Amino acid sequence: MENTKKVVLRFAPNPNGPMTLGHSRGVIINSEYAKMYDGEVILRFDDTDTKRKPPEIWAYKQIQDEYEWLTGKTPDRIVFASDRMPIYLQHAEEDILNQNAYVCTCSAEKFKILRDSKQACPCRNLDTSENHQRWMKMNDLQSNWEEGAAVVRIKTDLDLPNPALRDWPALRIQTTEHPRVGTTYRVWPLLDYQSAIEDYLQGVTHIIRGKDLMDSTRKQTILYDLRGWKYPETMYWGRVKVHEFGGFSTSGMKADISEGKYSGWDDQRLPTIAALRRRGFSPKALRAFWIELGLNQKDISVSMTTIESHNSKVIDKITPRVSFIGQNNASLTLDLKKEWNSEILKLPKHPDDSEMGYRNWPSPKNGDIIVLEKDDIDEEIRLKEFANATVKSTKISADEFERTDRRPIVHWLLENHTMPAILSTSNGDEIVENKGLIETGKYQVGDIFQLERMGFARITEISENSEIKLVFLHE
RNA sequence: GCUGGUAUAGUGUAGUGGUCCAUCAUGACGGGUUCUCGAUCCGUCGACCCGGGUUCAAAUCCCGGUAUCAGCACCA
């Protein structure tokens, strides 16, 4: 990054839904650069399309919340594009009056043909007052110009080698109601125009964006040149795919959710920040992940296991252990050959950190019911942190508390010290619910545990009959 | 089709002309430790897209090819 004197960055999502994992790259890269250069980050809501990407009023709030969760701080500034409409329209009028722009009434199809052959459309050469009249007509709420009837174009060199840049559209008519400002405005700027003007007004010094917006930079640079402004330094990142999810399409997910394919934006199968958060990912892990990927223009495809590995590093040493036995279990009657000389059985909350304390189970007694995973049952097993045991049909006899041999260690439960629990795991697009038992304890929604020999999970709900609902995080 | 971007181990990443028989992480495999299939420690495996050129010297610069991604929307 050059020119690092006073760095102003921005992250500009469309509030047509909450953040996806993809957005978190923008949040984290921008905020990390700001941290590095002691700069600021603007959170800007680019909510100027009411039709194809209708803004969701709740998403504004949620995005702010997710921004804070990801970075650990609030944005330095928040801008709503829809609040700034008068300013954009005023700039557009200036551009029309200065002949930087003109109002075009050609159809999109007709214009494309002309553009591809480097031909000027008839509207391009209209005089300024005619253009201004057309501009007024576009803005007139009573006008008979409907959506698509007219568009404001920025005048460029028609010989530009890249056809995408020739006389690019800057504003259009849009009559769909906006959730924040209703039908106050009829003419709305397109991203390339709105973003260009706003970046200048906010004093943005560096733009970090996906490389799919490279042509946007080129279009906006033309406008900046016309206005005698200096375009910010721009950097790009390449496309990211996650093996397990593919791309991150907000509109696609929105459709799937409304069809009932997913339970909501925080459905554990979705690559949204809400889902990751609900499952128990740490924002630190997400930051480490994106920082490791860095800022480059390569198109990459990463695996969730990379993020999970970062997450384990963050949470493993602070996450208490707990025993869970799934629905495929077996109950065995305990035959205790020796008495356990204590009122309680103390199990460490964390094997490597005694300061975390202990889980106190009632001391097992003769005739107690021991619950095990069926698959773990073998003739000779070790009940973890308790005793060597021998299984014969429905009886389990424990004769030695010390660990004396290498027999397999299994996790287990004392039936009289359990609570019902459901562990929800996703397997591809399928959700598998495992109805089992968890050891009795004081649980709260949001707690993250490592289920012994299974992996991490987070409590999402505790129902009235104290059934604990858990969602699986990762191994 | 036109325009532009990218190309280092399975996956990511460092490396901007010599110090690179190429860094680190993750992964896989093997082993130590541990009363978890967790954590931790040690070891092993594995890469500069292809072809030309410039240069005493190229992963690094240039050209061509190939692959791949993107833009060519009155979306963001």
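What you are looking at is a predicted structure, and each value in this text was computed from that prediction instead of being measured. To find a chain, count down the sequence lines: A is the first, B the second, and so on, and within it residues start at 1.
- Residue pairs meeting the salt bridge (charged side-chain N to carboxylate O under 4.0 Å, His left out) criterion with at least one member in residues 132-148 of chain A, sequence neighbours excluded, are A:Lys51-A:Glu147, A:Glu130-A:Arg134.
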Show me the protein contacts with nucleotides 30-34 of chain B, counting only N or O atoms at under 3.5 Å.
none

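- Residue contacts for A:Asn296: at a heavy-atom cut-off of 4.0 Å it reaches the sugar-phosphate backbone alone, with no base atom in range.
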Contacts under 3.5 Å, N or O only, protein and nucleotides 4-10 of chain B:
residue, atom, partner, partner atom, Å
B:G4, O2', A:Arg218, NH2, 2.6
B:G5, O3', A:Gln297, OE1, 3.3
B:G5, O2', A:Gln297, OE1, 2.6
B:G5, N2, A:Lys211, NZ, 3.2
B:G5, N2, A:Asp299, OD2, 3.1
B:G5, N3, A:Lys211, NZ, 3.3

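- Within residues 17-29 of chain A, no residue has a heavy atom under 4.0 Å from RNA chain B.
- Going from the C1' atom of B:G46 to that of B:C29 covers 12 Å, rounded to whole Å.
- Taking atom P in both B:C61 and B:A7, the straight-line distance is 10 Å, to the nearest Å.
- Residues A:Arg239 and A:Leu383 both approach RNA chain B. Their nearest nucleotides, taken by heavy-atom distance, put A:Leu383 toward the 5′ side.
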Between protein and nucleotides 73-76 of chain B, what N or O pairs are separated by less than 3.5 Å?
residue, atom, partner, partner atom, Å
B:C74, N3, A:Gly148, O, 2.9
B:C74, N4, A:Cys106, O, 3.1
B:C74, N4, A:Ala108, N, 3.2
B:C74, N4, A:Gly148, O, 3.1
B:C75, OP1, A:Arg52, NE, 3.4
B:C75, OP2, A:Arg172, NE, 2.5
B:C75, OP2, A:Arg172, NH2, 3.0
B:C75, O3', A:Asp49, OD2, 3.4
B:C75, O2', A:Asp49, OD2, 2.6
B:C75, O2, A:Lys53, NZ, 2.5
B:A76, OP1, A:Thr48, OG1, 2.9
B:A76, OP1, A:Arg172, NH2, 3.4
B:A76, OP2, A:Leu191, N, 2.7
B:A76, O3', A:Asp46, O, 3.1

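- Remark: RNA chain B forms stems of 3 or more consecutive Watson-Crick or G-U wobble pairs, all pair distances under 3.5 Å, at B:1-7 with B:66-72, B:10-12 with B:24-26, B:27-32 with B:40-45, B:49-53 with B:61-65.
- A distance of about 24 Å separates the P atoms of B:U11 and B:U16, rounded to the whole Å.
- For the pair A:Arg180 and A:Tyr60, the distance from NZ or CZ to the six-membered ring centre is under 6.0 Å and the angle to the ring normal is within 45 degrees.
- Nucleotides B:C48 and B:A22 are separated by 8 Å at their C1' atoms, to the nearest Å.
- Separating the C1' atom of B:U8 from that of B:C50 is a span of 15 Å, rounded to the nearest Å.
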